[in-house]
Amino acid sequence: MDLKHLSVKLNDGHFIPALGLGTYAPAEVPRIKAEEATKIGIDVGFRHIDSAYVYNCEEEVGRAIRSKIADGTVKREDIFYTSKLWVTFLRPELVRPALEKSLKTLQLDYVDLYLIHYPAALKPGEEMIPEDDHGKVTFDTVDICATWEVLEKCKDDGLAKSIGVSNFNHKQLEMILNKPGLKYKPVCNQVECHPYLNQSKLLDFCKSKEIVLVAYGALGTQRDKRWVDQSSPVLLNDPVLGALAKKYHRSPALIALRYQIQRGVVVLAMSFIEREIKENIQVFDFQLTSEDMKVLDGLNRNVRYLPASFLVGHPNYPFSEEY
């Protein structure tokens with residue numbers, strides 16, 4: 001299936017496929033699974049692959065992409081690959097080396113999109129989440145606008161085709177948009193977004209600024225015990241999603257994905273199961289009525305599965321704002 005026409009135009013003129021394959025795996029999932037899932041994804045038609053330095057699987061994902069280029073399934077320019085700058089690398093002098101490290105791991109010449117993973121910096125070093133002797137996370141103070149300027153240079157130098165942010169609230173987006181001498185606006189803001197956290201205010205704000213909202217956790221996340229409260233409601237078990245799934249002869253997951261596509265949100269689908277990966281790509285084969293879209297809007301209950309609790313207390317913690 002050709003998904004080329006099912007893309008969203010970014011404010012820098014590039015196009016991002018409306019559906020992406022997420023590659024984050026909980027700790028208990030072997031990293032090789034990310035490689036297998038990426039290969040399956042590309043085989044069934046996914047062209048947008050979302051990963052990050054902190055997911056610790058860029059070597060495997062890069063290998064999968066290169067193997068699909070080598071066997072003639074795709075060309076490099078057919079693939080839209082996203083990586084992210086982790087929070088221990090937000091100091092300006094660390095930005096480019098971090099991107100270059102990802103490129104080296106991936107064995108790719110450029111990424112299609114490079115995002116600031118969170119707006120809150122942690123102390124640089126070997127640890128992904130550094131702690132002091134008392135087990136307290138060690139914060140860093142960085143001017144995020146200075147970080148952004150280095151991303152702009154990375155774009156100019158062709159290391160990243162497009163640049164954007166992730167997990168920013170509207171005030172943090174404003175800060176970059178209002179930066180003196182801004183050369184490139186963020187093309188997107190990748191945030192947790194699903195029927196229980198539909199981000200309607202942030203979506204409206206982003207649309208007004210020509211910033212694409214990209215949804216992660218769109219299926220309610222993988223409920224990784226390290227990050228997700230296990231007592232939180234399971235999105236895909238929602239009776240409304242179940243009823244709509246019956247009505248449209250689709251799975252609840254496809255209803256949740258389709259909901260985002262129709263709102264103009266670029267959506268990431270996360271699965272390591274071949275049957276589900278094949279199913280998720282069918283999101284373009286049907287349409288929800290406007291009445292059913294309203295019903296889904298009504299499910300919003302501001303449930304955030306991934307509150308980034310390791311950043312709570314940071315002056316730049318993004319989720320204290322309403323949107």
Side-chain angles (χ1 to χ4, degrees), residues 24 52 54 84-91 115-124 127-132 134-148 151 163-179 182 185-209 211-218 220-233 235 260 263 265 268 297-323:
Y24 170 76
V54 78
K84 306 180 190 83
L85 176 72
W86 186 238
V87 292
T88 52
F89 303 108
L90 295 192
R91 291 185 186 177
L115 307 179
I116 298 177
H117 208 141
Y118 285 94
L122 297 185
K123 189 178 163 215
E127 296 301 314
M128 299 276 196
I129 301 180
E131 293 178 349
D132 64 17
H134 308 289
K136 197 172 178 308
V137 176
T138 46
F139 298 157
D140 196 20
T141 314
V142 175
D143 172 9
I144 213 79
C145 289
T147 310
W148 185 254
L151 257 73
I163 51 175
V165 298
S166 180
N167 298 302
F168 276 47
N169 62 43
H170 80 285
K171 287 187 174 165
Q172 291 162 336
L173 284 168
E174 286 276 20
M175 199 169 66
I176 291 191
L177 293 170
N178 296 332
K179 185 185 91 63
L182 181 73
K185 292 203 293 193
V187 296
C188 74
N189 186 18
Q190 186 183 122
V191 295
E192 179 180 340
C193 185
H194 43 74
Y196 284 172
L197 181 72
N198 71 22
Q199 300 276 20
S200 59
K201 286 190 170 165
L202 186 60
L203 177 59
D204 287 344
F205 174 83
C206 286
K207 282 181 174 174
S208 76
K209 306 290 182 188
I211 293 170
V212 171
L213 195 94
V214 179
Y216 71 76
T221 78
Q222 297 196 50
R223 302 184 69 85
D224 188 331
K225 289 184 178 64
R226 289 172 302 176
W227 315 115
V228 178
D229 176 357
Q230 298 301 297
S231 67
S232 58
L235 177 73
Q260 302 291 8
R263 304 167 80 212
V265 170
L268 304 175
D297 282 337
L299 290 180
N300 185 57
R301 48 178 89 172
N302 297 320
V303 167
R304 190 182 289 281
Y305 291 111
L306 296 163
S309 41
F310 64 98
L311 294 175
V312 169
H314 195 293
N316 290 346
Y317 179 72
F319 306 138
S320 316
E321 287 293 321
E322 186 197 352
Y323 68 96

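- Looking at heavy atoms from C-beta onward, D297 lies out of side-chain contact with S200 at the 4.5 angstrom threshold.
- Scanning all heavy atoms of the two residues, the minimum distance from D229 to S232 falls at O-OG, 2.6 Å.
- Residues Y24 and D224 have side chains that bring a donor and an acceptor to within less than 3.5 angstrom of each other.
- A donor-acceptor contact shorter than 3.5 Å is absent between the side chain of N198 and the backbone of N300.
- E131 CD to T138 OG1: the interatomic distance, rounded to the nearest 0.5 Å, is 8.0 Å.
- A218 and L235 get closest at one heavy-atom pair: O-CD2, 3.6 Å.
- Closest of all the heavy-atom pairs between A121 and V142 is CB-CG2, 3.6 Å.
- T221 contributes atom OG1, which lies 7.0 Å from atom CD of E192 (distance to the nearest 0.5 angstrom).
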Please tabulate, for side-chain N and O atoms in residues 172-179, each donor-acceptor pair with protein atoms closer than 3.5 Å (sequence neighbours left out).
{"from": "Q172", "atom 1": "OE1", "to": "N169", "atom 2": "N", "distance (Å)": "2.9"}
{"from": "Q172", "atom 1": "OE1", "to": "N169", "atom 2": "ND2", "distance (Å)": "3.4"}
{"from": "Q172", "atom 1": "NE2", "to": "N316", "atom 2": "O", "distance (Å)": "2.9"}
{"from": "E174", "atom 1": "OE1", "to": "N178", "atom 2": "ND2", "distance (Å)": "3.4"}
{"from": "N178", "atom 1": "ND2", "to": "E174", "atom 2": "O", "distance (Å)": "3.2"}
{"from": "K179", "atom 1": "NZ", "to": "E149", "atom 2": "OE2", "distance (Å)": "2.8"}

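- Side chains of D140 and L90 form no contact here, defined as non-hydrogen atoms less than 4.5 Å apart.
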One pair to check against side chain to side chain contact (heavy atoms under 4.5 Å, CB included): Y216 and N167. What are the steps and the verdict?
CA-CA 10 Å; Y216 71 76; N167 298 302; 2.6 Å; yes

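- Using modelled atom types, one side-chain atom of R223 and one backbone atom of Q230 make a donor-acceptor pair closer than 3.5 Å.
- Here the straight-line distance linking atom OG of S166 with atom CG of L85 works out to 11.0 Å at 0.5 Å rounding.
- The backbone N or O of G164 sits nowhere less than 3.5 Å from a side-chain atom of Q190 that would complete a donor-acceptor pair.
- Using the six-membered ring where Trp is involved, W86 and Y118 have ring planes that are perpendicular, over 60° apart on the 30 and 60° scheme.
- In this structure, OG1 on T141 lies 8.5 Å from CZ on R91, to the nearest 0.5 angstrom.
- Residues satisfying the side-chain contact (heavy atoms from CB on, under 4.5 Å) test with K207, not counting sequence neighbours, are L203.
- Atom CZ of residue R226 and atom CG of residue L306 lie 11.0 Å apart, to the nearest 0.5 angstrom.
- When side chains are defined from C-beta on, Y323 does not count as touching D204, because their heavy atoms never get closer than 4.5 Å.
- Put simply, the side chain of I163 reaches to within 4.5 Å of the side chain of W148, judged on heavy atoms.
- Heavy atoms only, all atoms of each residue included: M128 and L122 are closest at O-CD1, 4.0 Å.
- A donor-acceptor contact shorter than 3.5 Å is absent between the side chain of K171 and the backbone of E321.
- Contact annotation: the side chain of F319 never approaches that of S309 to less than 4.5 Å [non-hydrogen atoms, C-beta and beyond].
- Taking the six-membered ring for Trp, Y305 and H194 have ring centres closer than 6.0 Å.
- I129 has its side chain within reach of V137: a pair of non-hydrogen atoms, C-beta onward, lies under 4.5 Å apart.
- Contact of the V165 side chain with the P119 side chain is not registered, since no non-hydrogen atoms from C-beta on lie closer than 4.5 Å.
- The two residues N189 and I211 come nearest to each other via the heavy atoms N-CG2, 3.7 Å.
- Among all heavy-atom pairs drawn from A120 and Y317, the shortest one is CB-N, 4.5 Å.
- You'll find the side chain of S208 stays beyond 4.5 Å of the side chain of H170, heavy atoms only.
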